[in-house]
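Below: the structure, in structure tokens.
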Amino acid sequence: MNRRIVCAYALLSAALAGSAAAQSSVRAYYAKGQTFVVWQEAAVNPLTYDIYRSTSSFTDVSQATLAGRLFKDEWQGERLDAISGPLRGPNPDATWQIPTNGVGGTYQLATNEGLFVYTPHAASTEYFAVVKHSNTAVTATNITASAVAMGYDPLTDPITCHVQFSGTSQEGYPYVVYGMWSDGRADVEDARPDFPVTANLAKNGAPQVFAVYEPTSGAGAGPYPAVFAMHGGEGNFFYFRPGLFPNIGLDITEGILIAPSDNIVFQVGPAAHSDVTGWLGYVSNFDPFFAGVPTDPPVGSIVTDYTVRRTHWLIDWILGPNSGYHVDPARVSMLGHSAGGRGTSILTRARPERFAATTMFTPALIPSPSPASPLQGSTAQNLETTLIGPGGTPLHLLDVLRWSQRISPTVRDLPPTRIYCGLLDPTVEWDADHVTEFHACNDTAYGFHLFWDDRDHGVADWNTDDPNLPGIDIGQWVSPVRTEKATAESLHRYRNDQSFPAFFDDDQDPNANGLQPDIGTGDPNQPPPYGTWCGYYDWDTTTIVDETEVWACTIFLTTTSATSIDNAPFATSTASVALRRTQQFQPAPGAMLAWALTEGNRIVQSGSTTADADGVVKVTGLEIAGDTTPRRLVVSSRPCDVIAGNVDTGAGGAGPAGVLLVNGAVGVDCGRVAVAPTDPFQLQIVEPPSRVGLGARYWVGAWLGTARRTTVRTLPAQLGQIAMPMRLTGGAPQPRYIANNIPGTNAQLGAENWPGPNTLQAPYTLLNLPTGTGHPGLRLYFQGIVRDDRAAGPHSYSVTNGIQVEVGP
């Protein structure tokens, strides 16, 4: 046989073999808002398969519309394999399980079958064909035998997630693994009502996987809490399960733990490559099929928050009726490690109102220097994103990456947030940028609890030393005693509909300058081996009062925890508190407020403050004591308010003996308060800032009986002297007294004058009834007269803060 005949025969044989080995048995099922296209793989798979669709049958791809293009990792479900082995032991192979109708029918793909999922935006009847990329011919073997009827009813037939497999993990926790498929479109806002756009058009139909874990005894009757556990840049979402790594504390005894997967498959050179989006997304013009060396996107590219949208839809699904879970929407929290820690920050800052609390472990900040990234660009580019910040302007990448930067355009406050960083972390290095960000987090007064220790980066290594790294890289917050505050269950106590005291400016050593402990300038050898800003502070969630005019909460240092590492190594400390997530207590910017910090029957501190330009109320310089003697912070916006005192609060109740703070506008009569004869009582005034620069004169009248008198009657002998500290012009406070048995008709028993800028800016005690003096039947009337000393000619006067103090019975 000559060479030409041999060659011709070889080509014919190859062609026949190629035809026989082509993909085949293409069929499609519409169910639950999406169309599931299945085919049998070719004997030799290409790098990618193309999926085409048309309302009529077609023989060439030019007659149809490209619906999607998938890599093998996607059509075969590589992420299913990745989690199947760790959960089910040997034989990790797993294949997609899909619905075949809307009433429970399912189909388990064979190991040699592929899957593409199409999301229709209108009802239609279409054919689907699957071809190797760059092939154009369509025959009966690679197109659906008939058109598939696709419905469109987002209200009653919404898109949902689908069970892939379930069981009990090797650690003994029941689990269910789910699949969901992206709707990729050119316009990110062109979404179905029931499902967001979660990919660009080139990644349409790309799958995502997540697992849901329950406690060994079950999730409970509900509503119960849920915690999302976000993996890092390595993509190992299968490690984020209860019972595996105690260092990160994912064990749960109630509710559920959800471990989503963030991955995107794209071409690098001649092969497919899997990476993560850092829980943010990627540029809308990203080409996953570019075969060259990855480079930064073109100037002007926009990073689209595809992953943010997908994750928040997943939360919606978990909370919704189709998931079968009974999660309390007020008790959804999130934690994450490394890139997952930064992702946790991004997701919870984008929609802070959804989350009860947040924990970030060795979170990524900003890579320095940033390498080329085809997904999000380099930090030098600092591309614009689709996330809109306060003021309605788009945020740039560096804004999104920083933990302290507000993202939400409408929600002011963040959930309580704990951040754990490692001084000896070789991946997310402790440097000047981290120190700057720690200070920025503190300065926001959002409620960051910041921790550091000698840990390295990997979760499994936090309690052991890596001999290949310099230093002893064991995290003191993990070993030898692991903190209780860095666990999934520690997040269960918080709610997104409950206010909390956000601690900042933690100063554990008031004799040293600046915030203490000092975290240095970026040298990991400068701070103490481990420490915290604000991490020792806590509050009693059951004692929060959040009313229109009053906010109160019991705050303390943790000192008696059975977990020794969580106890503060000092008895008291100084910090400031911002009132966050207030539900009813929302004073207007600039509003004058009175506050007091009490310990039992003792007023430890008191003063005044104003709501800032955002309406946030901050009380600074509080002396916080341990949990054996917790202190209660009370803030009030009432014109005249009983901050603390054994007095009638107007609601039928009485507080501990203490002080009455008067915080009133001109012309407000504060009415009646009743004091028990055997209890101490103080009368103080706080002037609103509107009267700065005005002179003020105050007097006290005393009388017997139930009605106000214009003359001063004889006071009971057992009363003793009532001390009234008077401030004379330019001088120190001087005591003045209402003495026993004062006859006469002059009701002005004492006066105190504050000219000009000395107008009250803090509480001044005007009346002090000591404990046990006994003063039944006494009636006192306190009244302030404000004189405008700035006016020329005759001065104007106005009456303010009338208070009748009745000492009973």
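The figures here come from the full heavy-atom set of this structure, side chains too, leaving out hydrogens, waters and symmetry mates.
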Inset, instruction - Check whether the ring centres of Tyr213 and Tyr173 lie less than 6.0 Å apart, and answer yes or no. - result: no
Legend entry - Pair Trp430 + Phe438: ring centers closer than 6.0 Å: yes
Legend entry - Any donor-acceptor N or O pair under 3.5 Å, side chains Thr560, Asp627: yes
Inset, instruction - Report, as yes or no, whether the 6.0 Å neighbourhood of atom OH on Tyr494 holds more than 12 heavy atoms from other residues, nucleotides or ligands. - result: yes
Inset, instruction - Write out all pairs satisfying side chain to side chain donor-acceptor pair (under 3.5 Å) with one or both partners inside residues 216-228, taking only residues at least two apart or from two chains. - result: none
Legend entry - N/O donor-acceptor pair under 3.5 Å between Asp431 side chain and Gly522 backbone: no
Legend entry - salt bridge (charged side-chain N to carboxylate O under 4.0 Å, His left out): pairs with one or both residues in residues 412-430, sequence neighbours excluded: Asp413-Arg580
Inset, instruction - Look at Arg495 together with Asp328 and state whether they make a salt bridge at an N to O cut-off of under 4.0 Å. - result: yes
Legend entry - Pair Trp551, Thr582: side-chain N/O donor-acceptor within cut-off below 3.5 Å: no
Legend entry - Pairing of Asp566 and Lys485 as salt bridge, 4.0 angstrom limit: no
Inset, instruction - Write out all pairs satisfying side chain to side chain donor-acceptor pair (under 3.5 Å) with one or both partners inside residues 469-480, taking only residues at least two apart or from two chains. - result: Asp454-Gln476
Legend entry - Ring-ring centroid check Phe361 Trp462, cutoff 6.0 Å: yes
Inset, instruction - Hey, can you tell me if Phe500 and Trp539 have their rings parallel, tilted or perpendicular (30° and 60° cut-offs)? - result: parallel
Inset, instruction - Apply ring-ring contact (aromatic ring centres under 6.0 Å, His included) to Phe585 and list each qualifying residue two or more places apart in sequence or on a separate chain. - result: none
Inset, instruction - List for me each residue that meets salt bridge (Lys or Arg N to Asp or Glu O under 4.0 Å) alongside Arg406, sequence neighbours excluded, and say none if there are none. - result: none
Inset, instruction - Quick one: which residue pairs count as a salt bridge (charged side-chain N to carboxylate O under 4.0 Å, His left out) with a foot in residues 512-540, not counting sequence neighbours? - result: Arg493-Asp538
